[in-house]
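To keep things clear, I will list the structure first and then write my remarks on it.
Whatever order the structure lists them in is the order used to number ligands and atoms, beginning at 1.
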Amino acid sequence: MKVLVIGGGVIGTTTAWCLRQDGHEVTVLDRASALAAEGSFANGGMLHASLTEPWNTPAAIRQLIGWIGRENSPLRLHLSQLPNLVGWGMGFLRYSQAHHHRHSTRVNTRLARYSQRMTRLIRERTGIRYDDAQRGIIKIFRSRRELDEAARSAALTAELDVRHEILNVPAAIDLEPALAGVRKELAGAIYYPDDESGDACLFTRRLGEIAERQGVCFELSTAVRRIELRRGAIHRLLTSSGVRQADCYVLAAGVDAPLLAKPLGIHLPIRPVKGYSASLPIAGCPGVPQVPIIDERHKVVMTRLGERLRIAGTAEFAGYDYSIRQQRVRTIIEQALTNLPQLAQAVDRDCASSWACLRPLTVDGPPILGRTPVPNLFLNVGSGHLGWTFAAGCAHALADILSGREPALDLDGLTLARYRRCG
Ligand SMILES: Cc1cc2nc3c(=O)[nH]c(=O)nc-3n(C[C@H](O)[C@H](O)[C@H](O)COP(=O)(O)OP(=O)(O)OC[C@H]3O[C@@H](n4cnc5c(N)ncnc54)[C@H](O)[C@@H]3O)c2cc1C
């Protein structure tokens, strides 16, 4: 089959590679001049089944109110965005109810575990490396209450095969000696041995090169302007480089997906949530963590990617605003480095490269995969804060659907149909 994939981020590129393995004739269209130039460019680098809770936890909703207007809060709501968030925001609140939230966590966890297996499979089949590491991930806590709360969530995901170990402070420091300087401030940690890390941009670009050698065509600097229907099915795409046609179309356009789907009468409940990262050169520095760290209090992550430390965090409801506020970048750098005092002394903050981008967040948390009411349009959208983790799993599941196989992944809670059921 001839397939056009709209979007060359980690999701679209991995989907294209999988579809090619099934023998489809695949073209990827992206408006940027390189793959992974937007949401997949400089993310936190974590492939984790350990952080699969959707963001609308009851606790986060309570905290969000207190965080309004605070510059250093991890979650920020711009008051100017309230009108754009009214309907979606009500849904976000509704899905924060305990039973919905538990269900979405399970759906995400199942997908993340499957995706971790599929990421390994891609690594084995292609031999690609992407500053990847298989050292697990450690989550650190500064209060007993936060640790106990996280231990309860870990017990829920353990039922879905996510292994974890609760560590006291000496055990946490044994595992990651770079934390020794904050020994007195920690209450404990949770270690997830099966989690991994790696550079999503390197992965996407290297997989793209392999896919291209295998016959996938990448049309970059090509923006899809409109999707035209005829008799209920997609007839053609109008792009900045002319008309494109195929048998099937996969929408993998990140935060732009709802804008492209809306004129087709398809409502995708996705909103952009801005995040920041900083990449610090660490060659020769002492006190560099080897195990990726999540600081639960500040909601920042620290991941070693080769000779860089990637620090990422913050969530801002700021609409389609890609601007970089240096103050936010400085905040996450300092919050991260408080955990790593030895590195904090040595590292050159002026050499940090900063980045901001938008996560495509669904109203309930899990991404949206598979069929739509338009018979030749398929979705791989809305992966939110977990798109790197989910990419390989979503791509394999979509290839199963498009190639007419029974998906190896249970799609319950992942299709567009779930919203119709919930009303
Ligand atoms: C600060 C931050 C930290 C993160 N950390 C992690 C992490 O540690 N682990 C994790 O799993 N996830 C993380 N994420 C989330 C993850 O990065 C995203 O979910 C993922 O990159 C989304 O991939 P995507 O392919 O759907 O979107 P994108 O990478 O944004 O790709 C969409 C592509 O579509 C193209 N496009 C859009 N509209 C059009 C059009 N009209 N025509 C042509 N092309 C178009 C864009 O150019 C873009 O290349 C993080 C995100 C942020 C912002």
Could a heavy atom of Leu386 be found less than 4.0 Å from some atom of ligand 1? yes
Of all the atoms in ligand 1, which lie at a distance below 4.0 Å from a heavy atom belonging to Gly7? 33 (C), 34 (O), 35 (C)
Ligand 1 atoms in contact with Gly384 (distance to a heavy atom under 4.0 Å): 15 (C), 18 (C), 19 (O)
With a 4.0 Å cut-off, would you call Arg142 and Glu296 a salt bridge? no
Which atoms from ligand 1 have a heavy atom of Ser40 less than 4.0 Å away? 20 (C), 21 (O), 23 (O), 25 (O), 28 (P), 29 (O)
Below 4.0 angstrom, N of the basic side chain to O of the carboxylate: do Glu25 and Arg20 qualify? no
Proximal ligand 1 atoms for Thr222, defined as those under 4.0 Å from one of its heavy atoms: 43 (C)
Does the N or O separation between Pro360 and ligand 1 drop below 3.5 Å for any pair? no
Looking at atom 2 (C) of ligand 1, what's its closest protein heavy atom, distance included? Arg359 NH2, 3.7 Å
Pair Arg405 + Asp22: basic N to acidic O under 4.0 Å: yes
Using modelled atom types and a 3.5 Å cut-off, is there a donor and acceptor pairing between side-chain atoms of Thr362 and backbone atoms of Pro366? yes
What I'd like to find out is whether the side chain of Leu207 reaches to under 4.5 Å of the side chain of Tyr130, using heavy atoms alone. no
When you compare ligand 1 with Trp355, is there at least one nitrogen or oxygen pair between them that comes in under 3.5 angstrom? no
Identify the protein heavy atom lying closest to atom 31 (O) of ligand 1, giving its residue, its atom name and the separation to 0.1 Å. Gly9 CA, 3.4 Å
What protein heavy atom sits nearest atom 36 (N) of ligand 1, and how far off is it? Arg31 NE, 3.9 Å
Are Gln134 and Asp195 linked by a side-chain donor-acceptor pair shorter than 3.5 Å? no
Run the numbers for me: atoms of ligand 1, each under 4.0 Å from some heavy atom of Asp256, listed by number. 37 (C), 38 (N)
Hey, are the side chains of Arg310 and Asp199 touching, using non-hydrogen atoms and a 4.5 Å cut-off? yes
Arg163 with Asp194: basic N within carboxylate O range, under 4.0 Å: yes
Does the side chain of Leu398 reach to within under 4.5 Å of the side chain of Pro407, using non-hydrogen atoms? no
Look only at the side chain of Asn108 and the backbone of Thr105, and say whether a donor-acceptor pair between them is shorter than 3.5 Å. no
In the protein, what heavy atom is nearest to atom 4 (C) of ligand 1, and what distance, to one decimal place, separates them? Asn43 CB, 3.2 Å
Would you say Val255 touches ligand 1, if touching means a heavy atom closer than 4.0 Å? no
Within a distance under 4.0 Å of any heavy atom of Gly45, pick out the atoms of ligand 1 and give their elements. 7 (C), 8 (O)
Arg304 and Asp131 ion-paired at < 4.0 Å: no
Under a 4.0 Å N-O cut-off, is there an ion pair linking Arg135 with Glu196? no
Closer than 4.0 angstrom, basic N to acidic O: yes or no for Glu228 and Arg226? yes
Residue, atom and distance of the protein heavy atom nearest atom 40 (C) of ligand 1 read Val224 N, 3.7 Å
Only heavy atoms of Leu260, strictly under 4.0 Å: list the atoms of ligand 1 that pass. 41 (N)
Could you see which bit of Ala252 sits under 4.0 Å from ligand 1, with heavy atoms only: side chain, backbone, both or neither? backbone
Considering only heavy atoms of Met46, which atoms of ligand 1 have at least one such atom less than 4.0 Å away? 7 (C), 8 (O), 9 (N), 10 (C), 11 (O)
Among Gly275, Gly254, Ala315, the residue with a heavy atom nearest to atom 27 (O) of ligand 1 is Gly254
Can you check whether Gly387 has an N/O within less than 3.5 Å of an N/O in ligand 1? yes
Test: Arg110 and Asp412 ion pair at under 4.0 Å: no
Applying a strict 4.0 Å limit to heavy atoms, is Ala36 in contact with ligand 1? no
Counting both backbone and side chain atoms, is some N or O of Tyr276 under 3.5 Å from an N or O of ligand 1? no
among protein heavy atoms, the one nearest atom 12 (N) of ligand 1 is His385 O, 3.0 Å
Atom 48 (C) of ligand 1 [closest protein heavy-atom partner, distance rounded to 0.1 Å]: Asp30 OD2, 3.3 Å
Quick test: of every protein heavy atom, which one is nearest to atom 3 (C) of ligand 1, and how far off is it to 0.1 Å? Gly44 N, 3.5 Å
Structural part of Arg225 in contact with ligand 1, heavy atom criterion under 4.0 angstrom: neither
Are Trp55 and Phe92 close enough that their ring centres sit under 6.0 Å apart? no
Short N or O distance, Ser277 and ligand 1, threshold 3.5 Å exclusive: no
Does the side chain of Asp132 reach to within under 4.5 Å of the side chain of Arg123, using non-hydrogen atoms? yes
